[in-house]
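Single-structure report; data block below.
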Amino acid sequence: MTFSDLGLSPKVLSAVSDAGYTKPTPIQAGAIPHALLGKDVLGIAQTGTGKTASFVLPMLTRLEKGRARARMPRTLILEPTRELAAQVEENFIKYGKNHKLNIALLIGGVSFDEQDKKLERGADVLIATPGRLLDHRERGKLLLNGVEILVIDEADRMLDMGFIPDIERICEMIPFTRQTLFFSATMPPEITKLTEKFLHAPVRVEVSKAASTATSITQRLVKSGNKPWEKRETLRNLIKAEDADLKNAIIFCNRKVEVSELFRSLLKHDFDAGALHGDMDQRARMQMLNNFRDGKLRYLVASDVAARGLDIPDVSHVFNYDVPIHAEDYVHRIGRTGRAGRAGKSFTIATRSDTKYVDAIERLIGAKIEWHDGDLSTVTESEGEEQPRRGRGAPRRAGRNDEDRKDRGERKKDRHAKRDEAPEIAREEQPVAEVADIAERRARKDAIRSENERKGSGNRHEQRGDARPQRDRPGRHREEDDATVGFGDDVPAFMRIVAKV
DNA sequence: AAAAAAC
């Protein structure tokens, strides 16, 4: 079975072969022929199965006939997060390079005007997160009654995020003569109800679930005390011990505040780290993600915004700085590594108070996770506000304790001096935005170019790996100037301010 | 108990 057996147009086939693909994945082989015939499709598939191309390719073929009218997009794709939406846009650019299509990306956190101009011009493809889409519609800038194909992606995640009422509203705005392509990794009852309501005689395409926690992932628990400084130290030691195997890593935290704290602490300790969470400026989010993908950052500290769906090929390690409270999140998080049958490692830092969450995870995956270096029986957890030892008279070693003291001191200072710093932040915001903007555009262009250069090679992972620049190693001293990894000369505002509590 | 998503 090759792509040319599926009924796709020559333009699409040529872009697919330029991208280096010859053989469709099961979900693509199952969904594309039906989608091309105009049938509704219910695709049950996880990310990493080639799901995105399974709707992008037939849509491109179908869009070759006809033209978009102002404010009346011809197709609509709904995604739960901004990054996923941007990722789908990149797919349309990559596979639609032989088409002259107008693509509009409607996501929050970025300016309205540019999006509005694209709508005005007439969009063949509209990719959106629900909030911003409804916002445009309420402003009367968008008509949905010309939509011929509707895609609802990651439906179960939309459910988790409380988007279902929005999705229902949007579905009701679109003529029932449309074609609907509906994707979900799982089928909880609410989702089944939704499909019964909005799909007409769908063709069901289900791809076998990749083993819930793939065998290619080595999983370990790592004991730690419960103090933030203890956990940070545990993490640093772990990263250093793994250095030889560690190509790049995502480090998950449960809270956004923790993401920013850990991120700044890692920078202070000379780790080549970026951060990603939902309270960050959108431009910084995109840039961090792109820099991590391109190998310009070795570590990405992230909230669960990065746990699902993001296409980050070939992450060698996942660290859970916090044990996820929902057991399924554990599966999603560690699923960021060990992709495409590669070996991956995951380490979950656990304290005594995490025991019940660890138990729940082990129940879900149906196995005990081994301890990396002894279990929690030797760890004592002190309650109350006892601080790490730094007695007044005792001589203080330079090094860890000293630096952690600096961590805390800075946070305290930030909290108290926020008002004083505000003018400085305001003054610097503009140039930061400009620099970030240029960097982002460059990064995106690079990303697209490197995708296009993959011709002939079926293996993007290796190619990326080879092209990867020499990275900074932890412990190496860095010049003041490049302390703000990935941001040129300026420090973005979110790094200066302690995240909102 | 937290994250995500609109201003």
Side-chain angles (χ1 to χ4, degrees), chain A residues 47 76-88 104-116 119 126-142 152-170 173 184-185 226 228 250-263 275-286 288-289 300-310 320-333 335-336 348 350-351 353-361 494 499-501:
Chain A
T47 35
L76 169 62
I77 297 132
L78 293 171
E79 294 288 335
T81 68
R82 298 170 185 174
E83 277 74 16
L84 278 171
Q87 201 169 283
V88 171
L105 178 65
L106 303 191
I107 59 173
V110 292
S111 113
F112 247 89
D113 290 351
E114 211 174 310
Q115 298 178 352
D116 193 44
L119 288 178
L126 183 59
I127 305 153
T129 45
R132 182 56 74 95
L133 180 92
L134 288 169
D135 205 344
H136 275 279
R137 215 196 95 100
E138 274 152 26
R139 292 173 191 223
K141 304 284 195 179
L142 172 62
I152 297 166
D153 197 14
E154 303 265 331
D156 51 350
R157 192 159 178 215
M158 303 251 200
L159 174 73
D160 289 347
M161 290 168 62
F163 282 166
I164 296 305
D166 287 346
I167 299 301
E168 291 188 310
R169 268 180 72 201
I170 294 166
M173 293 168 187
S184 191
N226 62 343
I250 305 181
I251 303 162
F252 284 102
C253 302
N254 284 359
R255 292 177 200 79
K256 290 179 278 200
V257 213
E258 282 177 331
V259 171
S260 26
E261 282 176 12
L262 179 61
F263 165 58
L276 186 68
H277 68 70
D279 277 355
M280 280 167 53
D281 167 75
Q282 187 57 29
R283 206 176 269 132
R285 276 170 73 164
M286 292 304 246
M288 289 289 189
L289 187 57
L300 187 67
V301 188
S303 69
D304 278 318
V305 70
R308 303 198 207 178
L310 290 186
N320 287 313
Y321 178 75
D322 296 309
V323 179
I325 289 158
H326 281 314
E328 319 95 72
D329 288 337
Y330 175 83
V331 180
H332 290 296
R333 286 182 182 185
R336 300 295 97 201
T348 299
T351 69
S353 41
D354 294 322
T355 312
K356 61 173 184 287
Y357 302 124
V358 171
D359 290 346
I361 290 167
F494 79 92
K500 283 172 281 180
V501 199

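In the text below, chain A, chain B and the rest are named by the order of the sequence lines, each starting its count at 1. Every value quoted in this text rests on a predicted model; they were computed, and no experiment measured them.
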Between B/dA5, B/dA1, B/dA2, which one does the side chain of A/D329 approach most closely?
-> B/dA2
Side chain of A/F163 (C-beta onward), nearest among B/dA6, B/dA5, B/dA4 | B/dA5
Any donor-acceptor pair under 3.5 Å between the side chain of A/H326 and the base of B/dA1?
-> yes
Indicate, with a heavy-atom threshold strictly under 4.0 Å, whether A/R82 touches base, sugar-phosphate, or nothing.
-> sugar-phosphate
To the nearest angstrom, the CG-P distance between A/D166 and B/dA5 comes to 13 Å
Select base, sugar-phosphate, or nothing to describe what A/G162 touches, counting heavy atoms under 4.0 Å on all strands.
-> nothing
At under 4.0 Å, does any side-chain N or O of A/T129 touch on OP1 or OP2 of B/dA4?
-> no
Does the side-chain contact (heavy atoms from CB on, under 4.5 Å) test come out yes or no for A/M280 and A/M288, once each step is laid out?
-> CA-CA 10 Å; A/M280 280 167 53; A/M288 289 289 189; 4.0 Å; yes
Please report the shortest heavy-atom distance between A/R157 and A/V305, naming the atom on each side.
-> NH2-O, 3.8 Å
Provide, to the nearest angstrom, the distance between the CG atom belonging to A/L289 and the C1' atom belonging to B/dA4.
-> 15 Å
Does atom CD of A/E114 have more than 12 heavy-atom neighbours from other groups under 6.0 Å away?
-> no
Short side-chain N/O contact from A/R285 to OP1 or OP2 of B/dA5, under 4.0 Å = yes
Quick one: label A/N254 by what it contacts on the DNA or RNA (base, sugar-phosphate, nothing), any heavy atom closer than 4.0 Å.
-> sugar-phosphate
Scanning both residues in full, the closest heavy-atom pair of A/A327 with A/A360 reads CB-O, 3.9 Å
A/D160 atom CG is separated from B/dA1 atom C1', nearest whole Å, by 15 Å
For atom CD of A/E154 and atom C1' of B/dA4, their distance in whole Å | 12 Å
Search all heavy atoms of A/P80 against all heavy atoms of A/D153 and return the closest pair with its distance.
-> CD-O, 3.9 Å
Rounded interatomic separation in angstrom, taking CG from A/L78 and C1' from B/dA5 | 12 Å
Rounded to whole Å, the NE2-P distance (A/H332 to B/dA2) equals 20 Å
Would you kindly give the OH-to-P distance between A/Y357 and B/dA1, to the nearest whole Å?
-> 7 Å
Separation of atom CZ in A/F252 from atom P in B/dA4, rounded to whole Å = 12 Å
Between B/dA6, B/dA4, B/dA2, spot the one nearest the side chain of A/K256, thanks.
-> B/dA4
